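All heavy atoms count here, side chains included; hydrogens, waters and symmetry mates do not. Predicted model only: the values in this text are computed from it and were never measured.
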Amino acid sequence: MQEPATSIPTTAVTLDHVQQAARTLEGVILKTPLLQNLWLSRTYEAAVYLKREDLQVVRSYKIRGAYNKMVTLPPAPGGREVVCASAGNHAQGVAHACQLLGVRGYIFMPANTPAQKVDKVRLFGKEQVEVVLSGATFDDTYHEAKAFCDVHEYTFVHPFDDPAIVAGQATVGLEALQQATFSIDYCFMPIGGGGLASGVGSVFRQLSPHTKLIGVQPAGAPSMHDSIKVHQERRALETIESFVDGAAVKCPGELTYQLCRELLDDVVLVPEGQVCADLLKMYNEEGIVLELAGTLSISALRQYAAEIRGKNVVCVISGSNNDITRMEDIKERALRFQGLKHYFMVTFNQQPGALRTFVNNVLQPEQDIIHFQYIKKNNKEKGPVFVGIEVQKSGDEELIKARMVEEGFSYEYLNGKPDFLALLV
């Protein structure tokens with residue numbers, strides 16, 4: 001863990017900037033509630049409060065920064081057009097701000113963006129926005145958006161690396177401190193590019209300097225974590241795991257890196273599978289629908305369980321724009337992470353009844369085959385078989401492995417090979 005920041009950096013967003021942003025946003029955004037979650041509080045023996053930005057107008061905090069940036073646009077011709085690049089929440093925030101301010105917006109989104117997300121952007125932006133589907137990856141889309149913006153001399157609304165954006169996101173922290181009737185000991189915040197953590201961190205350092213500020217990133221996209229803890233400089237990752245798409249950023253912003261490095265006490269990483277499991281728990285136990293990035297702050301509580309016991313804890317829930325079509329994939333990753341679903345490539349011998357032997361002697365009654373596929377269409381009797389098995393508790397897979405050896409089945413365990421599994425599941 002880093003040593004706590006001892007001073008506010010000169011580049012920090014000032015309290016005056018944040019208070020002005022809060023006045024600008026009055027009547028535009030919802031002052032989202034700060035609610036204690038009894039289930040999480042019991043689980044961690046702490047008073048855990050959720051700052052519910054999933055209930056925001058566009059179901060994420062992004063409208064705060066986008067509107068605060070765009071309200072400053074000059075009224076002259078050519079000054080009332082904006083461009084942004086986003087596959088999700090930032091696009092919706094900019095689109096809604098365009099509609100409210102009468103600003104023309106060009107929203108660049110990757111060509112493979114799900115239709116549901118594109119439709120949402122058009123819904124929020126109405127006739128004020130034009131969606132441009134371009135680029136195979138977000139990086140491609142970003143560069144094309146920037147080039148388009150430069151050619152037409154429009155205003156680019158960056159998703160995080162802009163003082164006005166950071167000041168808008170900082171109002172999340174200002175609201176939380178105004179709503180809290182108690183001293184906040186810990187505040188957990190998700191990090192993608194760092195706009196939210198920079199803003200909230202700036203406010204807390206000025207109004208509640210004793211609060212421990214913890215940033216959270218998915219393990220597969222540790223750009224801010226690695227820049228601060230590994231490299232001690234802002235550095236882009238060559239590749240990232242984009243599953244937690246709302247926080248999958250290759251490189252932190254120049255401004256946000258400086259702020260997070262100076263303000264945060266720690267940046268932690270959580271496995272994507274754990275985020276999936278926690279998202280499902282929040283839905284099943286609490287009836288709260290979250291997106292993966294919006295679950296990150298909750299997932300980090302496990303690593304801090306000992307430190308937060310008996311403390312007042314705030315988790316910023318950043319959004320709830322989850323595509324229902326992803327739920328099966330989320331459940332799949334959660335079960336694998338929890339050790340409840342396992343995949344094998346099993347070679348069956350040519351003896352009669354080999355499959356019956358496998359079912360009767362290798363598996364227990366409470367263990368289910370949930371996937372069975374012959375890899376070879378011909379000569380199935382001796383070809384490899386892709387088998388998925390669901391168990392009752394983590395560790396049962398070791399008994400399955402032992403029984404396969406006893407019964408003469410050769411196998412390869414596939415759970416540690418996610419790239420290969422992605423081709424089969």
Going by an N to O cut-off under 4.0 Å, is there a salt bridge joining Glu406 and Arg403? no
Between Met109 and Val131, does a side-chain contact (heavy atoms from CB on, under 4.5 Å) hold up when you go through it step by step? CA-CA 7 Å; Met109 307 181 77; Val131 176; 3.9 Å; yes
Check: Gln128 side chain, Val103 main-chain N or O, donor-acceptor pair, under 3.5 Å: yes
Nearest heavy-atom contact between Ala247 and Leu296 is CB-CD1, 3.8 Å
Given 3.5 Å as the limit, does a donor-acceptor pair link the side chain of Thr155 with the main chain of Val82, or not? no
Taking atom types as modelled, is there a side-chain donor on Asp278 or Ser299 under 3.5 Å from an acceptor on the other? yes
What pair of heavy atoms forms the shortest contact from Leu133 to Ala111, and how long is it? CB-CA, 4.2 Å
Is there a donor-acceptor pair closer than 3.5 Å between any side-chain N or O of Asn89 and the backbone N or O of Ser60? no
side-chain contact (heavy atoms from CB on, under 4.5 Å) for Val132 and Thr141? Distances and angles first, verdict last. CA-CA 9 Å; Val132 182; Thr141 305; over 6 Å; no
To the closest 0.5 Å, what do you measure between CG (Leu174) and CD (Gln206)? 10.0 Å
More than 12 heavy atoms from other groups under 6.0 Å of OH on Tyr283: no
Could Lys393 and Asp396 be called an ion pair, given the rule that one side-chain N must be under 4.0 Å from one carboxylate O? yes
Hey, are Lys120 and Asp323 close enough for a salt bridge, meaning a charged N less than 4.0 Å from a carboxylate O? no
For Glu254, I'd like to know if atom CD has over 12 heavy atoms of other residues, nucleotides or ligands within 6.0 Å. no
Mark yes or no: Arg326 above the aromatic ring of Phe243, with NZ or CZ under 6.0 Å from the six-membered ring centre and no more than 45 degrees from the axis. yes
Check the angle between the aromatic planes of His158 and Phe160 and answer parallel, tilted or perpendicular using the 30° and 60° thresholds. perpendicular
Centroid-centroid under 6.0 Å between Tyr49 and Phe182 rings: yes
Taking Thr256 for its side chain and Gly193 for its backbone only, find out whether a donor-acceptor pair lies under 3.5 Å. yes
4.5 Å side-chain heavy-atom contact, Ile288 and Asp54: yes
Does a salt bridge link Lys31 with Glu175, judged by any charged N lying under 4.0 Å from a carboxylate O? no
Take atom CZ in Phe420; do more than 12 heavy atoms of anything else shown fall under 6.0 Å from it? no
Does Ser86 reach the main-chain N or O of Ala91 with its side chain, forming a donor-acceptor pair under 3.5 Å? yes
Taking Gly220's backbone N and O only, do any of them form a donor-acceptor pair with Glu272's side chain (distance below 3.5 Å, no angle check)? yes
Check whether Thr211 reaches the backbone of Asp185 with its side chain - one donor and one acceptor, N or O, closer than 3.5 Å. no
When you check the gap from the basic side-chain N to the acidic O, do Glu291 and Arg59 get nearer than 4.0 Å? no
Val313 and Ala46 have their tightest heavy-atom pair at CG2-CB, 4.4 Å
Return yes if a side-chain donor-acceptor contact under 3.5 Å exists between Lys51 and Gln179, otherwise no. yes
Working for side-chain contact (heavy atoms from CB on, under 4.5 Å), residues Gln92 and Lys62: CA-CA 8 Å; Gln92 294 181 27; Lys62 288 288 190 175; over 6 Å; no
Under a 4.0 Å N-O cut-off, is there an ion pair linking Asp161 with Arg234? no
In Å, rounded to the nearest 0.5 Å, how long is the span from CD1 of Ile317 to OG1 of Thr32? 10.5 Å
Keeping the roles fixed (side chain from His210, backbone from Ile184), state whether a donor-acceptor pair exists under 3.5 Å. yes
Salt bridge check: are Glu332 and Arg336 linked by an N-O gap of less than 4.0 Å? yes
Gap between atom CD1 of Ile240 and atom CD of Glu238 - 0.5 Å precision: 12.5 Å
Approximate separation, where rounding is to 0.5 Å, of Ser134 OG and Asp140 CG: 8.0 Å
Quick one: pull up CZ in Phe337 and CG in Asn415 and give me the separation to the nearest 0.5 Å. 13.0 Å
Counting only heavy atoms not in Lys250, do more than 12 sit closer than 6.0 Å to its NZ atom? yes
Go through the steps to decide whether Tyr413 and Ile400 satisfy the test side-chain contact (heavy atoms from CB on, under 4.5 Å), and finish with yes or no. CA-CA 11 Å; Tyr413 184 56; Ile400 292 174; over 6 Å; no
Please examine the side chains of Ile369 and Leu363, heavy atoms only from C-beta on, and report whether any two atoms are closer than 4.5 Å. yes
Asp162/Lys69 salt bridge by N-O under 4.0 Å criterion: yes
Distance (rounded to the nearest 0.5 Å) between Glu397 CD and Gln367 CD: 9.5 Å
Would you name the heavy atoms of Leu55 and Pro33 that are closest together and state the gap between them? CD1-CG, 3.9 Å
With the side chain counted from C-beta on, respond yes when Pro159 and Ile165 share a heavy-atom pair under 4.5 Å apart, and no when they do not. no
Which residue is it: Glu53, His96, His90, Arg64? I am looking for the one with a side-chain contact (heavy atoms from CB on, under 4.5 Å) to Val58. His96
Would you confirm whether Ser208, through its side chain, and Phe204, through its main-chain N or O, come within 3.5 Å as a donor-acceptor pair? no
Within a reach of under 6.0 Å around CD of Glu233, are more than 12 heavy atoms found that belong to other residues, nucleotides or ligands? yes
Could Asp368 and Lys341 be called an ion pair, given the rule that one side-chain N must be under 4.0 Å from one carboxylate O? no
For the backbone of Val166 and the side chain of Ser198, can you confirm whether one donor and one acceptor N or O come within less than 3.5 Å of each other? no
Gln338 versus Ser394, side-chain donor and acceptor atoms under 3.5 Å: no
With a 6.0 Å cut-off on ring centres, are Tyr411 and Phe348 close enough? no
Contact between Leu279 and Ile330 at the side-chain level, heavy atoms closer than 4.5 Å - yes or no? yes
Could you pull out the closest heavy-atom pair between Lys229 and Val267, with the gap in Å? NZ-O, 3.4 Å
Geometric class of the His342/Phe344 ring pair [parallel <30°, tilted 30-60°, perpendicular >60°]: tilted
Tyr106 six-ring face occupied by Arg104 cation (under 6.0 Å, within 45°): yes
Between Ala197 and Cys260 the two heavy atoms that sit nearest each other are CB-SG, 4.0 Å
Flag side-chain contact, heavy atom, 4.5 Å: Glu307 against Tyr186: yes
Lys401 NZ: over 12 foreign heavy atoms closer than 6.0 Å: yes
Less than 6.0 Å separating the ring centroids of Phe386 and Phe372? no
Taking the side chain as C-beta and beyond, is there a heavy-atom pair between Gln303 and Val270 under 4.5 Å? yes
For Phe148, which of Tyr142, Phe156, Phe108 qualifies under ring pair (Phe, Tyr, Trp, His ring centres under 6.0 Å)? Phe108
